[in-house]
Amino acid sequence: MKQLNLPEIDAKIRKFWDENSVFSKSIEERPADNSFVFYEGPPSANGKPGIHHVMGRTVKDLFCRFQTMKGKRVNRKGGWDTHGLPIELSVEQSLGITKEDIGTKISVDDYNAECRKTVMQYKDLWDDITRKMGYWVDLDHPYITFDNEYIESVWWLLGQLYQKGLLYKGYTIQPYSPAAGTGLSSHELNQPGCYRDVTDTTVVAQFKTIQDTLPEALKGYGDICILAWTTTPWTLPSNTALTVGPKIEYVLIKTFNQYTFEPVNVIIAKALVEKQFGQKYFETGEESAFLQYLSSDKKIPFSVLKSVTGEELIGIRYEQLLPYALPYENPENAFRVIGGNFVTTEDGTGVVHTAPTFGADDMKAAKEAVPPVPPMLVLDENGNAVPLVNLQGKFRSELGDIGGKYVKNEYYAEGTAPERSVDVEIAIRLKEENKAFKVEKYVHNYPHCWRTDKPVLYYPLDSWFIRSTAMKDKMIELNKTINWKPAHTGEKRFGNWLENLNDWNLSRSRYWGIPLPIWRTEDATEEICIDSIENLGKEIQKANEKLGLNQSVPKDLHRPYIDDVNLVSPSGKSMKRELDLIDVWFDSGAMPYAQWHYPMENKDLINQGITFPADFIAEGVDQTRGWFFTLHAIASMVFENVAYKNVVSNGLVLDKNGVKMSKRLGNVIDPFETIEKYGADATRWYMISNAQPWDNLKFDLEGIDEVRRKFFGTLFNTYSFFTLYANIDGFVGKEASIPMENRPEIDRWIISLLHSLIKDVEADFADYEPTNATRKVMTFVDEHLSNWYVRLCRRRFWKGDYSDDKIAAYQTLYECLVTISKLMAPVAPMFADWLYKNLNDATGLEKHESVHLAYFPESDVTKIDTKLEQRMDYAQRISSLILSIRKKENIRVRQPLTKVMLPILDNAFVDQVDMVKSLILSEVNVKDIEYLTETEGFINKKAKANFKTLGKILGKHMKTGAQMITEFSQNDIAELEKSGLYNMVIEGDSFTLTPEDIEISFDEVQGWQVAVDRDITVALDISLNENLIAEGYAREFVNRIQNIRKSSDFNVTDRIVVEIEKHQVSEEAVSKFEDYIKNEVLADRIKLSENVDGESVEIIDGLNLNIRVEKV
RNA sequence: AGUCUCGUAGCUCAGCUGGUUAGAGCACUACACUGAUAAUGUAGGGGUCGGCGGUUCAAGUCCGCCCGAGACUACCA
């Protein structure tokens, strides 16, 4: 391969993997008793894979591959999430039906089959992206959540919860769409456009308190009303309590009602007086203002009489505002003031009208009150407790004049709505009865049903719950043992979520999902929870006998078949299944067990801890309350264990401008195209190296291109360089390894860096920090291996015989390349394998046929030499400084110079530099280094404070001290260096400083070509003589001839003859450096002639000479 | 509305437990180097470290408030 072509490499390696079953070998070759457990969070094949899936799966893949290389067996069972509303919706959409049509226009049978099909709609695309991105997961034996066996395991889990008393049926307030006749999930409510601004009639009502329940502080003022605001007046007949904030300050105000003009005393939060007593009112302390008040007056007087806390108000009883009905249960506990922490003083009156049947907060506050406040439920014709609004959204007949009306005008069919909504009617009635303090229109945000476009009601619905609150402490405790990446997702986001845990609402009234396996008698006195198919069979048998039926276990455990099953209670009554399905999130949280059909099969996998808990899972951060929670909750509640030990929650993939990708905006990146064009490895490497997985990734295709060029391109070049000469010299790794101590400095240096790198990269992968790992590999390849090692060692590869030095160079570079292939393999599996195989297949040094079957390199600490690393750093920096002086002085690098001078601070520095002297000299084309020990009068030293150590000593004198140090004279510095101590007096305080506190460096000096980089200073002697100039010319000729060789497509080994046009410059160069030139360009002869029939090339500024180059 | 995360050069990101003149890559400009050549080196421009306050000898870093982006939860009188 002449040029890097990543997609081609992808295809080649994929084929190799397929043909040789590398993936299954990577599992089977590892011992079964040394496993690393990974769980695949099931995607839904109902949607197409996006670029963010490539991100998430790269994270999963890379740690699994890493652990495999560490010798672990990593089983990776794939899975599909197959239930849930999105699937029902897409079926209904494609068939053009609605929920109501199920059972009429389409049989449930067909509907079911349709869901099954739809669920796997894009499976082929998913399989394709999985392969193309190089994600290793077992797609041949996936778990599928709609399988009977999967469902059976879920039933078993529910059975466990049931036996522990953690499953119960109860009321909650849920969003409900009367028009559609169905409850809505929060997911549905979060569809775009559901929340809309609407204008509603709002009422501030006056709740008249009962005198003898008032606290002492409020007695003696006559009648007192509490003001409470509502945006939904239709809930006022269902009011059973008023909620105040215990810590909020309330005031008693004397004023007049603006509609009836009757005098009234009202209670309202102090902070909201201004808001409620607006322009229509004026505050006054004058009693006369009240005596003289007339209904025709423009403004109404008011006066604050008293201030009390909410705490004092708790317990006050009041007259029912609209006494249509009484709660059927404990009505004596209704109509009183209770406390609630959710009360704010941002809106209304600081008192919340509380209707427990229509508000979640209301219900909670009412339940928590002592004694509990009953909700406004009445008994219907069948003796069932029901709210005052029925499921159609109409008032019940108890409401008299407004009974039978819809509570929202929007629910009427078009054109049939009355002029006055019930909200308005109630407002009018309250005004007339002196119970309305204020009525006004108000614009607020309110959710609407996405299907019917009509407002949602919050309505009490029967649901099955998991009593997760009972296990809260266990969950919190277990969570503390989980290693979260990043930590704050676990501690903060997930931790807070657990602290505020609610019971888990399991019920969904749908068709396509796992049916709740609970059967009940009609009067709900007896019930059974089925936890296996076997158990179901037995119960069916029993029921058949007792009830004379002929039922059998349905082939498909889904609705509607399962609904047809009737069971029999111990007392012989018929039991029907509770019609609910369970939350699909339970499906996915059950996968550790259900994927193995536990406990009906594979008992040991879980019980012996072979596949449980997971060592590692990864998913988007949006799964914190989703999959991460359901896994944790089920494991905590059923097994009292964690489900996973390490979890990476990755961020979102945004477009390059940081905007969420969406079809609407057209900024969606197609993963197939991307991988096709740039290759999977560049895409993966870009995603991992560019940002930490848990930060959002601003996905930019140009970034992939950059990674391809900078990293893969450089590595590829390095590899091609290696093979070019390895082929010429026939290096196939058969020589015995040359001992480190016999290899040159630079070899030992790169090997030292390599082993430091291995150590760091392994630690990063082990710590789930892949970004750091990739960045370190990139730095090594780019800066150290390519731009220093290879650049400086080029000659060793193409010059001279196949000597030990050359073999050492090959062995060194080979080790680096093979090791890099292993270090990068988890992230860039295909390129790494290509590189590894190319290298290893040629040498056969390792027996593995793929890098993914090889073991992760071990860092050999004996090869790490920090002093060596330091002196190479010196070499790089000194070279860089010299080059910068050359640049400043405009002296080209091909012009040799005599010497460079290095002022030194200590002898260790000399020793260090001496060892890398030859590298520096050849790199910068200078003949010698001279060390300057005596710098006085030549180059000045300067002192600078070490803020870190000095700050602790000097404290507040730091500023002056630092200033004093920069002003040190040469004598001061000499004294410090000699004695090792320096006494300093600042504002009367005396301090003793040590050399550690002061950093000495060299100053720049006029008249010398000096450059400084922190602790290193170099001075360059730029004087030239004839010899140097001639050598410079010689190098120019070498360069030009090499260029000609190359442009003439000569082989690197071809011998040539050269003819150069005669000129003073060419004569000087050739006469003095003929051998050098011949040697460099592989020339047998160099001839100078007056007329040369060759290429005209510029040698130095303005001088063109003809050169002819011919093969021998 | 609450909780959490993020905000550093035109772009993508480093910046450890507070410490000197805030760094790197990309992009841009100029010059060089080159038997790895779609690579490389040197130099240059470019920053109120989101804003305001506070703690401290010293704040990009710690604390408070605000602004902006995002995620999740809730939608509430």
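A, B, ... follow the sequence lines: proteins, then strands. Residue 1 opens every chain. Computation of the quantities below employed the complete heavy-atom set of this structure, encompassing side-chain atoms and omitting hydrogens, waters and symmetry-equivalent molecules.
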Name the closest nucleotide to the [X] side chain, picking from [options].
| X | options | answer |
| --- | --- | --- |
| A/Asn696 | B/A36, B/G70, B/U20 | B/G70 |
| A/Val621 | B/A71, B/A36, B/C76 | B/A71 |
| A/Phe947 | B/U20, B/A36, B/U5 | B/U20 |
| A/Asn496 | B/U3, B/C13, B/U20 | B/U3 |
| A/Tyr458 | B/A32, B/C13, B/C76 | B/C76 |
| A/Asn787 | B/G70, B/G41, B/U5 | B/G41 |
| A/Arg493 | B/C72, B/U40, B/C13 | B/C72 |
| A/Tyr725 | B/U73, B/A36, B/A71 | B/A36 |
| A/Glu706 | B/U20, B/C26, B/C76 | B/C26 |
| A/Met958 | B/C4, B/C33, B/C57 | B/C57 |

Rounded to whole Å, please give me the gap between [atom1] in [X] and [atom2] in [N].
| X | N | atom1 | atom2 | result |
| --- | --- | --- | --- | --- |
| A/Arg795 | B/A36 | CZ | C1' | 15 Å |
| A/Gln692 | B/C16 | CD | P | 13 Å |
| A/Tyr686 | B/C26 | OH | P | 15 Å |

Can you tell me, in whole Å, how much space there is between the [atom1] of [N] and that of [M]?
| N | M | atom1 | value |
| --- | --- | --- | --- |
| B/G18 | B/C62 | C1' | 8 Å |
| B/A9 | B/G47 | C1' | 6 Å |
| B/C63 | B/U21 | C1' | 28 Å |
| B/G23 | B/A14 | C1' | 7 Å |
| B/G15 | B/U3 | C1' | 28 Å |
| B/U12 | B/G7 | C1' | 14 Å |
| B/C33 | B/A24 | C1' | 23 Å |
| B/G60 | B/G19 | P | 10 Å |

Strictly below 4.0 Å: does [X] bring a side-chain N or O up to OP1 or OP2 of [N]?
| X | N | value |
| --- | --- | --- |
| A/Arg709 | B/A38 | no |
| A/Lys710 | B/C26 | yes |
| A/Arg708 | B/C26 | no |
| A/Ser880 | B/U42 | yes |
| A/Lys948 | B/U20 | no |

If you assign each of A/Lys952 and A/Ile173 to its closest nucleotide in RNA chain B, which residue comes earlier from the 5' end?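 The answer here is A/Lys952.
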Return the 5'-most residue of the pair A/Asn1039, A/Thr231 with respect to RNA chain B, ranking by each residue's nearest nucleotide.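 Final value for this comparison: A/Asn1039.
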Regarding A/Lys1111 and the six-membered ring of A/Phe1050, is the cationic atom NZ or CZ under 6.0 Å from the ring centre and inside 45° of its axis?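 Yes.
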Tell me if the centroids of the rings in A/His52 and A/Phe699 come within less than 6.0 Å of each other.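 No; A/Phe699 has its ring centre 6.0 Å or more from that of A/His52.
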Answer yes if the ring centres of A/Tyr810 and A/Phe797 are under 6.0 angstrom apart, and no otherwise.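 Distance test on ring centres: under 6.0 Å, yes.
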Reckon [X] touches a base, only the sugar-phosphate, or nothing at all at heavy-atom distances under 4.0 Å?
| X | answer |
| --- | --- |
| A/Ala691 | sugar-phosphate |
| A/Phe1050 | base |
| A/Gly348 | nothing |
| A/Leu954 | nothing |
| A/Lys944 | base |
| A/His957 | nothing |
| A/Asp700 | nothing |

When rounded to the nearest 0.5 angstrom, what is the spacing between CZ in A/Arg708 and CG in A/Asn5? 9.0 Å
Between the side chains of A/Glu1080 and A/Arg1035, is the shortest nitrogen-to-carboxylate-oxygen separation below 4.0 Å, so that they form an ion pair? no
Could you please name the partner base of [N], counting Watson-Crick and G-U wobble pairs only when both distances are under 3.5 Å?
| N | answer |
| --- | --- |
| B/U48 | none |
| B/C75 | none |
| B/G60 | none |

Can you find an N or O donor on one side and an acceptor on the other, under 3.5 Å apart, linking the side chain of A/Ser786 with the base of B/A36? yes
Side-chain donor/acceptor of A/Arg791 to base of B/A36, under 3.5 Å: no
Looking at side-chain heavy atoms only, is the closest gap between A/Trp484 and A/Phe494 below 4.5 Å?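 The answer is yes, as the side chains (C-beta and beyond) meet within the 4.5 Å cut-off.
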Polar contact flag, side-chain donor to acceptor under 3.5 angstrom, A/Ser238-A/Thr235: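 No, because no side-chain N or O of A/Ser238 sits under 3.5 Å from a partner of the opposite role on A/Thr235.
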How far apart are the closest heavy atoms of A/Phe207 and A/Ala228, and which atoms are they? CE1-CB, 3.7 Å
